[in-house]
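Here is the naming used below: chain letters follow the sequence lines, and residue numbers restart at 1 for every chain. Note that these values count all heavy atoms, side chains included, but never hydrogens, waters or copies made by symmetry.
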Number of protein chains: 2
Amino acid sequence: MSGRTRRASVGVVDLARELGVSTATVSRALNGSPAVRPEVAERIRKHADERGYVPNRLARALSATTSRAFVGFVIPYVDTPAYSAVAAECARLLSADGTQMILTITENDPERELQALRELTASRIAGLVISPSTHVLDDTRRLLERQPVVELHRASGIAAPGVFSDDERAMTESVRHLAGLGHTRIGYVGTPEALSNGAIRLRGVRHGMADAGLDPDTLAMRLVEPTRELGRSATEDLLARSDVTAVLVGGGSLSVGVAEAVRASGRRVPAELSLVVYGDPAWFSLADPPPTLIRVEYAELARCAARLLLEALDAHHSGMPGPEPGPHLVVPRLVPAGSTGPAPD
Amino acid sequence: MSGRTRRASVGVVDLARELGVSTATVSRALNGSPAVRPEVAERIRKHADERGYVPNRLARALSATTSRAFVGFVIPYVDTPAYSAVAAECARLLSADGTQMILTITENDPERELQALRELTASRIAGLVISPSTHVLDDTRRLLERQPVVELHRASGIAAPGVFSDDERAMTESVRHLAGLGHTRIGYVGTPEALSNGAIRLRGVRHGMADAGLDPDTLAMRLVEPTRELGRSATEDLLARSDVTAVLVGGGSLSVGVAEAVRASGRRVPAELSLVVYGDPAWFSLADPPPTLIRVEYAELARCAARLLLEALDAHHSGMPGPEPGPHLVVPRLVPAGSTGPAPD
DNA sequence: CTGAAAGCGCTAACAC
DNA sequence: GTGTTAGCGCTTTCAG
């Protein structure tokens, strides 16, 4: 690291001229090619460092047949840590690999998603992490099939590795927890089955009902897009129209809305109503009683996504197999706490 | 928008050949240069669209003297909406302008920050939004001075526009609120004065003390780096060593830690201890009583940052003055709720 | 108004 | 091992 003030950027040609070698040799040395005499390579690298040389990634990526200068990160929403925190953490992890992450928001709009993917392709990204929108367009799917992709939270049906919270298991466990406390009339507020994780969560809930000897058809449920507002209104409706003693939530933003609705309803928690929320503990740290929580490990999801993406890039580059397609599950923990208690008689 | 399957990408040369014009004309037409006959321009654009042409941003940015293909977004932490949510929202807003946002995390390490800035410069970013680390290096400062920059949350002392929450005012108001409830022994958990916003918040608190006729020197305070863990330990220490009846928090992550410590202390809120937290309402939505909150408008901060950055880019491009340097304040709202009450006798 | 040609800074064949 | 040279795909003088 040199303290020199950098003048109008030095390039490979400058270095080559200054050292009396060719640009090719400079390029090779800087890229760690074995086809250059070690001592020469060292001299070049040292000089480059002293001159404060910073390679132009644009030129590099444009020229190189393959480059991992950039990767894309495509998510539908911005207002939950499931996306924003995972994105930020991935950026941190990828930078250690010298890769810059371009962040793109689709607002769950398939057209925007396609557009975003086109733009990213135009930027010659090496690969991407994506949380697909609810209805992925065929053109989008084609675009995804052509490059290293890691799916996050949601699956789009392409043959790519994906990182998901093991929500089926968590939901099953949650229902069992409630049933174990004597609850038989359980309400579920979750995301639509059209979302891959919505379907999985609901399956977990049904599974749990069956396990506990409850008829899954008696489940009072509301499936809505994952926003706080919809969580709130769905819960108001659920509480007004059915006679549940416990509510289970399948979604982070939903949990906030559900919690608001429960509080607004005036029901005492857990005396009159038990509640299991979902998501990031930070969102609920001030709650009293602390809520029973399906705690999703966002940092772990990010680590897993970053690792799989890097593996996929390596594989793509070297023609090796690459990470296994299909789900890579991160297990959330059910943390029982004060918002769940025995069912009222 | 065409449904065609794109073959190995079409470029300006293809378009030029197919239409019997030169690449220069194609380029001009696609960039909306007035120096091309409208009907020709229209024909070119139409054809480009039909062929599913997507310009290569790398080549464009490499070639053009000025390009806004990419901007940088540099933040220290990932685990709070103050950063992650604002980043995500900015990405959304900037994409409407056709600009892609490269996200970088510094972990509040000045060396990493400098490194990140070098890398971004290497990517020929048009400008950037940055939350400077606690001690900005001189080299970093020099790098920042050479391009359009918008500061976020924290100021580094360079002549750039910045977007900040008007925390001084919010803190003053909060102290007045507490004093109005009869509290005289107030504790403050905030960020160090070395952080620009830490200093500002503390000034606001002191100002509020003076306003309320309290001696600012009686303020029991703990200034720590903004993490949940430190917020927690600082609060444990504060509660153990001093005899406060109210705690005010200056920081989002800190608030979570403080809330945890308060709960762990067993003190009844607000009967024995009043609490004012800071940050994103979603984090506290499940709290009962709902906490009195200094509610920061992250979406508004993001909008403001995106707008200023785009203005700065325009200005840089056209040589016009550009947005005013200095703070552009977004006013947080003090939302009094159940965690603050009359001081115990 | 349009075209020819020279790069942007780097990598990658292909020679030596 | 190293140098020469031709691009990557686009923008932009400079002529016409």
Is A/Glu89 salt-bridged to A/Arg92, cutoff N-O under 4.0 Å? yes
Min and max contacting nt of DNA chain D in 5' to 3' order, chain B heavy atoms within under 4.0 angstrom, are D/dG9 to D/dT13
Indicate the atoms forming the closest heavy-atom contact of B/Cys90 with B/Ala302, along with that distance. SG-O, 3.4 Å
Are B/Gln100 and A/Thr104 linked by a side-chain donor-acceptor pair shorter than 3.5 Å? no
Checking all strands, does B/Arg124 fall into the base, sugar-phosphate, or nothing category for heavy-atom contacts under 4.0 angstrom? sugar-phosphate
Could you pull out all residues at least two apart from B/Arg307 that satisfy salt bridge (charged side-chain N to carboxylate O under 4.0 Å, His left out)? B/Glu311
Please report, rounded to the nearest Å, how far the C1' atom of C/dG9 is from the CG atom of B/Leu58. 12 Å
Rounding to an integer number of Å, can you tell me how far B/Arg60 CZ sits from C/dG9 C1'? 19 Å
Counting the atoms with a prime plus P, OP1 and OP2 as sugar-phosphate, which does B/Ser67 contact under 4.0 Å by heavy atoms, base, sugar-phosphate, or nothing? nothing
Assess the side chains of A/Glu119 and A/Gln115: does a donor N or O sit below 3.5 Å from an acceptor N or O? yes
Would you say A/Thr65 reaches C/dA12's phosphate, i.e. side-chain N/O to OP1/OP2 under 4.0 Å? yes
What is the distance from CG of A/Leu30 to P of C/dT11, rounded to the nearest Å? 7 Å
Looking just at side-chain N and O atoms, do B/Ser133 and B/Asn108 make a donor-acceptor pair shorter than 3.5 Å? no
Rounded to the Å, how far apart are A/Asn56 CG and C/dC8 P? 11 Å
Tell me yes or no: between the side chains of A/Glu113 and A/Thr140, is some donor less than 3.5 Å from an acceptor? no
Would you say A/His47 and A/Glu18 are linked by a side-chain donor-acceptor pair, where the criterion is simply a distance under 3.5 Å? yes
Taking the six-membered ring for Trp, is the centroid-to-centroid distance between B/His153 and B/Tyr83 below 6.0 Å? yes
On the side chain of B/Ser63, is there an atom forming a donor-acceptor pair with the base of C/dG7 - under 3.5 Å, no angle test? yes
Each nucleotide N or O in nucleotides 1-4 of chain C that has a protein N or O under 3.5 Å away: list the pair and distance.
unit_1 : atom_1 : unit_2  : atom_2 : d
C/dT2  : OP1    : B/Arg37 : NE     : 3.3
C/dT2  : OP1    : B/Arg37 : NH2    : 2.8
C/dT2  : OP2    : B/Arg37 : N      : 2.8
C/dG3  : OP2    : B/Ser22 : N      : 3.1
C/dG3  : OP2    : B/Ser22 : OG     : 3.3
C/dG3  : OP2    : B/Thr25 : OG1    : 2.7
C/dG3  : N7     : B/Arg28 : NH2    : 2.8
C/dG3  : O6     : B/Arg28 : NH1    : 3.3
C/dG3  : O6     : B/Arg28 : NH2    : 3.3

